[in-house]
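Numbered from 1 within each chain, the chains take letters A, B, ... in sequence-line order.
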Amino acid sequence: MKAVLVQVIDEIKDLSPDEREDALYRVSPELFAQLHQKKEKRREHGLPDLIGADGGVVMRFAPNPSGPLHLGHARAAFLNDTYVRRYGGRYILRIEDTDPKRVDPTAYEMVQEDISWMELGIHETVYQSDRFSLYYSVGKELISRGAAYVCTCENDAFREMKMKKVACPCRMQTAEEGMAGFDQMLDGGYEEGGVTVRLKTDLCAPDPAMRDFPLFRVLTSVPHERVDAIVYPLMNLSVAVDDHLLGMTHVIRGKDHIANTGRQRFIYDYMGWDLPHYLHYGRMSIDGVVLSTSGMREGIQEGVYTGWDDVHLGTLRALARRGISPLAVRSAMVDIGIGETDISFSWENLYAKNKEVVDAGADRFFFVADPVEVTVHGAEPQVASAMRYPGDPKRGYRMIPFEGTVLLPAEEIRKRHSMVRLKDLFNVRLQYSGDTVTATYAGTDLKEARDARAPIIQWLSPGYGTLCRLLYPEGDISGVCEPVVQDLVGQMVQFERVGFARVERSDSSGLTAVYSHR
RNA sequence: GCUGAUAUAGUGUAGCCGGUCAAUCAUGGAGGACUCUCACUCCUUCGACUGGGGUUCAAAUCCCCAUAUCAGCACCA
């Protein structure tokens with residue numbers, strides 16, 4: 001028996017995968033079918049399917065109004081949005097303003113602006129500051145059931161007990177004492193910092209983060225913008241209450257909330273609520289920009305940044321200013337997905353996405369950075385005509401006059417080319433003596449320029465260019481560009497051989513454009 | 001320290017209930033075609049399973065250990 005088996009196995013070993021499949025099919029067509037079934041369930045979506053989502057979903061985007069939204073927010077916003085669009089259902093914007101210390105009054109509006117820029121499919125907006133009474137009643141319910149207690153221990157003392165897995169004295173109080181204590185909190189009977197309501201969890205929980213975490217605090221030093229309160233809910237209470245009351249089916253958030261999910265589960269259990277499905281995506285590091293709201297605010301105050309839309313920041317308004325399309329951000333975020341792995345955000349990938357959406361709509365123009373005036377000998381005045389978009393005559397032409405001298409980018413001069421092709425005009429030979437450059441007309445034959453490996457460069461006439469400042473994150477560059485660009489304020493253009501830019505404004509001092517990417 | 005999670009090309013991502021994976025797609029690099037842009041489009045090409053053990057006929061896929069990274073252990077969210 002064994003000998004036969006060994007022999008068979010050896011035979012199979014020598015077969016190629018295809019041959020094995022054939023053999024399987026001959027022996028058992030059913031198994032063969034099963035084999036291929038597994039492969040069918042490949043998905044076409046960018047994001048994995050959600051479990052329990054077939055009947056539609058209720059999801060939320062829950063920013064804290066402490067400043068404008070940035071790339072980190074965009075990930076949560078677009079991930080949730082994408083799923084709600086896929087499965088149908090409701091997308092709720094929940095403004096988490098339960099900490100007056102972290103509320104910037106101007107942020108309420110900025111958040112709304114950023115959300116409409118992202119074009120999220122929001123169905124309903126709620127403010128947690130409107131819902132304090134709901135939080136209080138759940139709090140009371142928990143206390144009256146003996147699930148929570150009013151704790152007056154000092155912060156450090158409590159932490160020490162927590163680490164030692166021992167109960168604090170307050171934990172012994174009866175439900176009645178707890179209720180009385182909570183009423184006293186509401187009546188202003190406690191100083192800020194002197195009291196907290198804690199949930200009874202499991203003091204022996206292996207994760208110290210789970211042990212008797214706080215639900216409410218007293219805060220009087222900072223008034224709230226929108227609500228007159230002394231007792232403030234902490235996020236685990238307010239989030240759990242709202243997620244349940246608003247009927248969340250799925251919660252997608254960063255893995256920094258993974259411990260909070262565990263804590264909120266205790267509240268759900270006490271209240272007998274059904275838990276939503278939770279998904280936690282990994283941390284996203286973004287280099288080159290400051291992401292922390294407080295860091296940005298500081299920089300603005302110190303004058304390091306010009307404002308929330310400073311091109312050095314990772315805010316959505318800064319991206320918008322740089323000509324990044326919300327579609328590109330959406331696509332980049334969906335591409336990144338909900339993996340739990342920590343990742344580094346790639347500007348390169350975002351730029352590639354943006355180019356996809358922006359290229360076809362951006363007409364081409366000349367921008368001469370750091371212009372150097374060069375006289376061209378032997379050429380008649382004439383007018384060059386260049387397409388606004390290569391290959392598409394229907395989009396029209398730019399007429400660029402040549403009158404004997406040209407402005408060339410200083411960088412090209414530095415390269416000491418012996419011959420260049422002035423794009424859409426003619427070839428010139430360049431001679432250098434010291435700092436001066438002279439150019440001599442060298443025919444109009446494009447092929448000659450190609451054969452001579454002469455670079456084809458952009459140019460303008462001294463009398464024809466409009467001053468243009470191009471804002472780069474690395475520093476501004478000044479130059480001249482075609483005057484017609486003045487009519488394109490707010491639009492994307494491509495400065496040939498320079499890159500894409502958004503025309504920001506046009507005034508008496510010239511144009512300002514913000515560089516996007518190549 | 002405690003608790004938990006993760007580890008695929010430069011970057012992001014697919015695969016991960018074992019075989020069809022000398023590993024997908026995108027981005028990026030190199031080269032080329034097209035083109036009066038270093039854009040677009042197209043073609044070719046480069047580049048990765050953290051390390052070590054184990055299980056198995058077979059491991060990117062399962063198990064263990066190591067390492068690294070991240071998160072939480074707030075009267076923030």
Side-chain angles (χ1 to χ4, degrees), chain A residues 6 9-10 12-13 16-18 20-21 35-36 38-39 42-43 46 48 62-66 96-99 101-102 128 151 155 158-159 162-163 192-198 205-211 213-219 232 234-236 238-239 253-263 280 282-285 331-332 334-337 339-353 355-356 358-360 362 364-366 384 386-387 389-392 421-427 444 446-447 449-450 455-458 494-500 518:
Chain A
V6 169
I9 287 168
D10 279 347
I12 294 173
K13 215 187 303 185
S16 75
D18 279 344
R20 290 183 199 177
E21 277 194 24
L35 184 72
H36 284 267
K38 236 179 1 188
K39 271 166 61 179
R42 261 178 183 285
R43 62 162 189 276
N64 167 250
S66 56
E96 306 212 321
D97 54 351
T98 52
D99 180 5
K101 290 180 179 169
R102 295 196 17 158
Q128 292 197 309
C151 174
N155 206 0
F158 182 85
R159 192 175 57 223
K162 177 175 75 178
M163 294 317 277
E192 176 169 333
V195 68
T196 154
V197 176
R198 295 186 176 280
D207 184 353
M210 290 303 136
R211 299 173 197 160
F213 61 88
L215 302 177
F216 292 95
R217 63 170 167 169
V218 164
L219 202 156
Y232 286 82
L234 272 338
M235 73 92 81
N236 282 300
S238 55
V239 164
R253 54 184 178 184
K255 74 177 186 186
D256 44 322
H257 285 292
I258 213 153
N260 292 321
T261 297
R263 292 194 267 224
H280 301 99
R283 180 196 145 95
M284 180 169 80
S285 71
S331 165
V334 170
D335 221 47
I336 286 169
E340 284 184 57
T341 328
D342 304 323
I343 57 151
S344 53
F345 176 81
S346 160
W347 290 101
E348 219 170 46
N349 289 358
L350 175 65
Y351 294 155
K353 299 278 188 195
K355 204 186 299 183
E356 267 173 40
V358 141
D359 181 86
R364 275 80 224 268
F365 298 98
F366 287 162
M387 284 199 270
Y389 191 86
D392 189 359
R421 167 75 173 190
L422 303 179
K423 187 165 183 287
D424 302 301
L425 191 63
F426 48 62
N427 308 333
T444 56
L446 178 61
K447 189 173 177 302
R450 288 231 152 99
I456 301 169
I457 67 174
Q458 70 275 32
Q494 191 217 44
F495 288 132
E496 296 193 42
R497 311 202 329 132
V498 174
F500 292 88
R518 304 210 89 178

From the options rG72(B), rG1(B), rC36(B), select the nucleotide whose nearest atom is closest to the side chain of Asp256(A).
rG72(B)
So, OP1 or OP2 of rU37(B): does either fall under 4.0 Å of a side-chain N or O from Arg450(A)?
yes
Classify Lys162(A) by what it touches in the nucleic acid, base, sugar-phosphate, or nothing, heavy-atom distance under 4.0 Å.
sugar-phosphate
Side-chain donor or acceptor of Arg421(A) paired with backbone N/O of Thr444(A) under 3.5 Å:
yes
Enumerate the protein-to-nucleotides 40-50 of chain B contacts in which both atoms are nitrogen or oxygen and the separation is below 3.5 Å.
unit_1: rC40(B); atom_1: OP1; unit_2: Lys355(A); atom_2: NZ; d: 3.0

Distance criterion of 3.5 Å, no angle test: do you see the side chain of Asp335(A) paired donor-to-acceptor with the base of rU13(B)?
no
Taking CG from Asn260(A) and C1' from rA74(B), how many angstroms apart are they, rounded to a whole number?
11 Å
rU11(B) C1' sits how many Å from Met284(A) CE, rounded?
13 Å
What's the closest nucleotide to the Asn349(A) side chain, out of rG12(B), rG72(B), rA77(B)?
rG12(B)
For Arg283(A) against Lys255(A), the heavy-atom pair lying closest together
N-CE, 4.3 Å
Select one nucleotide: of rC36(B), rU13(B), rU11(B), the one nearest the side-chain heavy atoms of Asp424(A).
rC36(B)
Determine whether a donor-acceptor pair (one donor, one acceptor, N or O, separation below 3.5 Å) exists between the side chain of Glu348(A) and the base of rG10(B).
yes
Give the dot-bracket string for RNA chain B, reading 5' to 3', where a pair is Watson-Crick or G-U wobble with both distances under 3.5 Å, ( ) marks pairs inside the strand, [ ] marks pairs crossing earlier ones, | marks a partner on another strand, and . marks unpaired.
(((((((..(((......[.....)))((((((.......))))))...(((((..]....))))))))))))....
Name the nucleic acid region contacted by Val195(A), choosing base, sugar-phosphate or nothing; use a 4.0 angstrom heavy-atom cut-off, strictly under.
base
Check every atom of rG72(B), rU37(B), rC36(B) against the side chain of Arg421(A) and return the nucleotide holding the closest atom.
rC36(B)
Ignoring the backbone of Ser344(A), work out which of rG12(B), rG72(B), rC36(B) is nearest its side chain.
rG12(B)
Using the side-chain heavy atoms of Ile343(A), tell me which of these nucleotides is nearest: rU37(B), rU13(B), rG72(B).
rU13(B)
Provide, to the nearest angstrom, the distance between the CG atom belonging to Asp342(A) and the C1' atom belonging to rA68(B).
11 Å
Is Ser346(A) close enough to rG28(B) that one of its side-chain N or O atoms is under 4.0 Å from OP1 or OP2 there?
no
Asp392(A) has an atom CG; how far is it from atom P of rU35(B), in whole Å?
16 Å
Look at all strands and tell whether Pro390(A) reaches a base, only sugar-phosphate, or nothing, counting heavy atoms closer than 4.0 Å.
base
Of all the choices, rU35(B), rU27(B), rA77(B), which nucleotide is nearest to the side chain of Arg102(A) once you look at every atom?
rA77(B)
Side chain of Asp207(A): nearest nucleotide among rC36(B), rC73(B), rG72(B)?
rG72(B)
